[in-house]
Amino acid sequence: MRLSKWSIIVLSIILCLPIVMFSQEDVLRPKGKPGGYNYVEQSKLGLILGFEVGLNYNLFSQTNTWLTAGVPHPTAYDCHKSASGASPHFALIADLPLSEKLFLHGRFDVDVRDYSNSGNGYDFDQWENPVILDYDYELKSTYLGLAFLLRYEFTPEFFASAGIDFQFLSGDIEYKQTGSRVDGGDISLIPYWGWVECRGYPACEVTTNVPEAKSSMTGLELGLGYKLALSESIYLVPQARFQLFLTKLASDEVSTVWDRSATDRKLNSVQLALALWFGL
Amino acid sequence: MKAFYRTLAGFLILVFLLSCPDIFAQMVEIRGFEHNSAYDDFAPALTRNGRMMYFTSERKKGRQKVYSVERSSSGWTTPDDIGSDINNGVQNGAVTLTPDGNYMIFAAYRHGVTGEGRTDLFSARRIDGQWTDVQNLGPAVNSDAWDSQPCISSDGTTLYFVSDRPGGNGGTDIYYSTKTREGWTKAQNAGTAINSSADEMSPIIAWDMRNFSFASNKSGGQGGFDIYIAKVNNNVFSDVKNAGSPINSSADEYFFVTLSNSDVAYFSSNRAGGSGELDIYTAIPNPYKSGSVVMVRGVVKDEKTNKPLGAKIIVTDLKTGKKAAELQSDDQTGDYFVVLQPGRTYSITAESEGYLFYSERYEIANDDKGREVTNDIYLSPTNTRLLIFFDFDKFELKGESIPEIERLIEYLRDYPKVKMLIEGHTDDVGTDQYNDKLSLDRANSVKDYLVSARLDKNRIKTEGIGKRRPIVKETTDAARAKNRRVEVKIIEK
């Protein structure tokens with residue numbers, strides 16, 4: 001797993017957030033125990049607005065099938081079948097009570113979804129001799145998301161949420177590939193890398209966009225969270241969620257260049273978030 | 001001259017002793033409760049003559065929860081979390097219970113049951129051994145401010161509690177509300193006799209309903225919150241005084257609870273030398289004993305099967321005819337427990353679905369020193385003895401009989417198909433002919449009252465049994481008193 005600059009920034013924010021608890025009422029003291037650890041009262045309106053930062057741990061998978069059977073195929077690219085990576089996530093939230101314990105929870109996200117994988121195997125040069133290759137690839141994308149969830153409080157702090165999540169692709173899915181011959185030879189002698197103009201170098205980097213990327217994805221989300229108090233009307237809310245996307249990331253692709261098809265391209269995500277909620 | 005010096009010396013010794021209350025204080029032994037934890041333990045509430053104690057503790061996860069312990073031969077049993085129906089708020093506790101231990105009022109912050117605002121008061125009932133039926137006491141008692149630390153009088157009719165709602169004397173004040181047929185009345189500030197501009201906390205009314213204690217951090221105390229002792233009569237407070245050492249210390253003291261008819265008091269303090277934070281302590285002998293009470297306990301049973309019954313227990317002041325308390329016997333064990341005050345005459349009535357009610361009379365002398373009476377109540381689905389009184393040789397109903405006949409009227413209205421036979425019985429004094437007539441006249445007196453309440457006279461038959469069916473075949477005054485009675489038998493349902 002590689003951490004992008006954004007991920008490191010977000011992680012740093014989370015770790016540096018000062019967790020300042022305050023004393024709050026109990027059955028003995030209307031203003032709470034001095035220095036005590038307590039919980040925030042529900043706001044009178046019950047409406048909560050807030051923002052959150054977090055990390056998406058993206059889990060990409062696809063099925064690769066070689067088109068021509070009965071001939072040797074390179075193994076350097078087997079890592080295409082899966083990829084993962086952490087990238088940041090930002091969101092604004094609104095939370096409305098439906099009953100004492102049930103809430104309607106809406107979230108507008110900006111989700112950076114980067115994921116990568118690397119492999120080591122052989123490919124064939126133009127004379128069909130096997131060549132050992134280090135290969136890695138990275139996909140970078142940004143989605144704007146809308147989530148509509150029901151949130152249920154098991155206790156005044158501990159809650160679960162579940163609902164539907166829509167993700168809208170902002171721009172393209174950038175696809176960066178890096179190949180490197182282990183023997184230091186000219187990588188352009190391997191047909192694919194030759195086509196992309198890497199003549200004379202043992203290593204080459206190629207950046208394109210994922211063709212046929214879907215402009216939106218629909219998914220289901222299940223999460224758990226815990227509300228802690230920072231002040232009389234502010235909650236600090238660590239959360240963990242799993243986002244299962246039912247829509248493919250991109251349409252199936254048949255590449256005669258690669259002599260390979262890529263199908264069932266899906267992205268799921270584990271999302272860790274730290275939110276500040278403001279009771280109104 | 002010698003006599004003068006002796007008198008002067010005696011006077012000076014007396015002045016010295018009176019000015020040094022700590023000398024007397026040394027005689028009171030303060031001992032920590034065996035289950036105090038390193039965290040807050042407070043608000044002891046005793047039921048069933050001190051056999052069971054509920055208290056609030058933060059011992060687990062820093063949350064205030066209600067625990068119970070029971071007295072055993074080897075001390076108190078291990079504290080038991082009383083269950084999620086009560087302890088499901090963020091903070092729960094400061095419980096108060098009726099003396100029978102079957103009805104509770106507690107405070108909770110963000111309880112699962114909807115509240116009126118911040119910390120609120122809730123009631124709960126003990127059914128089949130479990131605390132359940134949690135209800136918010138509603139806007140007459142609760143406010144959107146902090147409402148906590150309830151204390152219910154031993155007759156269950158007056159509730160004292162603490163609130164920081166606007167309109168008080170400053171800080172937290174003590175309020176009270178009384179229970180009527182319509183529910184709890186609008187809470188009233190208990191007034192400046194006990195409420196100051198500082199914080200008043202932990203009101204406790206003794207079972208004698210005359211002695212009162214509370215905590216305050218007003219100036220003039222020993223430091224922090226001190227216990228104050230007061231007298232109360234119809235919610236008018238007087239004779240307020242600081243409890244002094246060794247009850248009070250430079251630390252905080254709260255919840256001074258007097259165990260009736262005993263030398264024991266309980267209170268909570270965070271004084272040095274405890275187990276940590278607030279602890280529960282006993283003070284023996286109790287320097288502020290409450291007045292004596294009579295505790296009546298027993299089991300409500302089915303007359304034939306001896307099966308314990310859950311029953312409504314109604315305590316009536318026979319002089320005023322007013323209901324003094326309404327309690328509930330334990331649904332599983334049939335146990336009931338009632339506190340009666342000296343100088344009054346009561347009836348205790350048990351009512352259970354499918355049974356005819358049964359009442360007993362208790363006349364408590366003014367100078368009663370306090371005691372515990374055991375009296376099981378047997379209910380029958382078809383017959384009962386009415387608690388009805390006549391002057392000697394008369395058949396006019398005495399005033400004390402009215403509450404019982406009103407109960408019979410309510411029963412006949414609740415069961416409109418029931419037809420009953422009212423039997424009059426006399427003692428063995430006098431001839432058969434005379435007693436037959438007297439007993440029939442007495443039964444007819446009851447019938448006349450029922451008919452005057454617009455009940456169909458055809459539903460009620462009467463019979464004069466005279467002295468032919470005595471309960472006790474003796475000639476003592478006590479036996480004769482038992483034999484003079486009016487019984488009711490259901491002849492058609």
Side-chain angles (χ1 to χ4, degrees), chain A residues 19-48 95-104 150-160 224-238 277-280, chain B residues 39-43 56-58 61-66 84 87-95 106-115 117-122 136 144-150 161-165 168 171-173 199 201-202 215 217 225 252 254-255 268 270 277-278:
Chain A
I19 299 176
V20 183
M21 298 305 167
F22 77 108
S23 295
Q24 202 197 38
E25 70 184 67
D26 56 35
V27 301
L28 183 66
R29 306 166 182 96
K31 291 174 183 167
K33 191 188 290 186
Y37 171 84
N38 279 289
Y39 308 89
V40 172
E41 75 182 89
Q42 187 71 30
S43 63
K44 285 183 182 172
L45 290 175
L47 174 65
I48 289 173
D95 193 87
L96 271 171
L98 298 176
S99 68
E100 185 75 12
K101 294 185 173 181
L102 190 65
F103 301 81
L104 183 63
L150 287 174
R151 189 172 66 80
Y152 183 82
E153 292 191 348
F154 297 105
T155 69
E157 304 81 37
F158 181 61
F159 65 84
L224 296 171
Y226 199 86
K227 290 159 60 188
L228 297 171
L230 293 180
S231 76
E232 274 294 329
S233 58
I234 302 175
Y235 301 92
L236 178 67
V237 191
W277 291 3
F278 301 90
L280 302 180
Chain B
Y39 305 98
D40 278 341
D41 302 285
F42 59 97
T56 307
S57 178
E58 271 191 13
K61 298 178 184 173
R63 288 250 185 121
Q64 292 170 339
K65 288 186 174 183
V66 183
S84 58
N87 287 329
N88 83 359
V90 170
Q91 307 287 359
N92 321 274
V95 296
F106 66 100
Y109 173 61
R110 294 208 63 198
H111 195 273
V113 174
T114 307
R118 294 163 56 195
T119 297
D120 267 358
L121 301 182
F122 299 83
N136 187 284
D144 59 3
W146 180 82
D147 305 297
S148 187
Q149 301 175 16
F161 65 98
V162 182
S163 179
D164 66 354
R165 65 188 61 187
T172 56
D173 275 3
D199 296 319
M201 295 274 190
S202 65
N217 59 358
F225 279 89
D252 295 324
Y254 305 95
F255 299 100
S268 309
N270 57 0
E277 300 190 344
L278 279 171

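Numbered from 1 within each chain, the chains take letters A, B, ... in sequence-line order.
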Is the closest basic N to carboxylate O distance between B/Asp252 and A/Arg29 below 4.0 Å?
-> no
Would the distance check show the side chain of B/Gln64 and the main-chain N or O of A/Val27 forming a donor-acceptor pair, the cut-off being under 3.5 Å?
yes
Whatever's closer than 4.5 Å to a heavy atom in chain A on B/Asn92 counts as backbone
Checked B/Asp164, B/Thr114, B/Asp199 vs chain A; the most non-hydrogen pairs under 4.5 Å come from B/Thr114
B/Thr119 backbone acceptor or donor facing A/Glu25 side chain under 3.5 Å: yes
Applying a strict 4.5 Å limit to non-hydrogen atoms, the region of B/Phe255 in contact with chain A is side chain
All heavy atoms of B/Arg118 vs all of A/Pro30, minimum pair found to be NH2-O, 3.2 Å
Scored by heavy-atom pairs under 4.5 Å with chain A, the best of B/Ala43, B/Gly93, B/Ala94 is B/Gly93
Residues passing the salt bridge (Lys or Arg N to Asp or Glu O under 4.0 Å) test with B/Asp41, sequence neighbours excluded, are B/Arg59
**Item:** Intermediate values then yes/no, side-chain contact (heavy atoms from CB on, under 4.5 Å), B/Gln149 and A/Leu28
**Value:** CA-CA 7 Å; B/Gln149 301 175 16; A/Leu28 183 66; 3.7 Å; yes
Per-residue tally against chain A (heavy atom, under 4.5 Å) across B/Thr172, B/Asp40, B/Asn88 peaks at B/Asp40
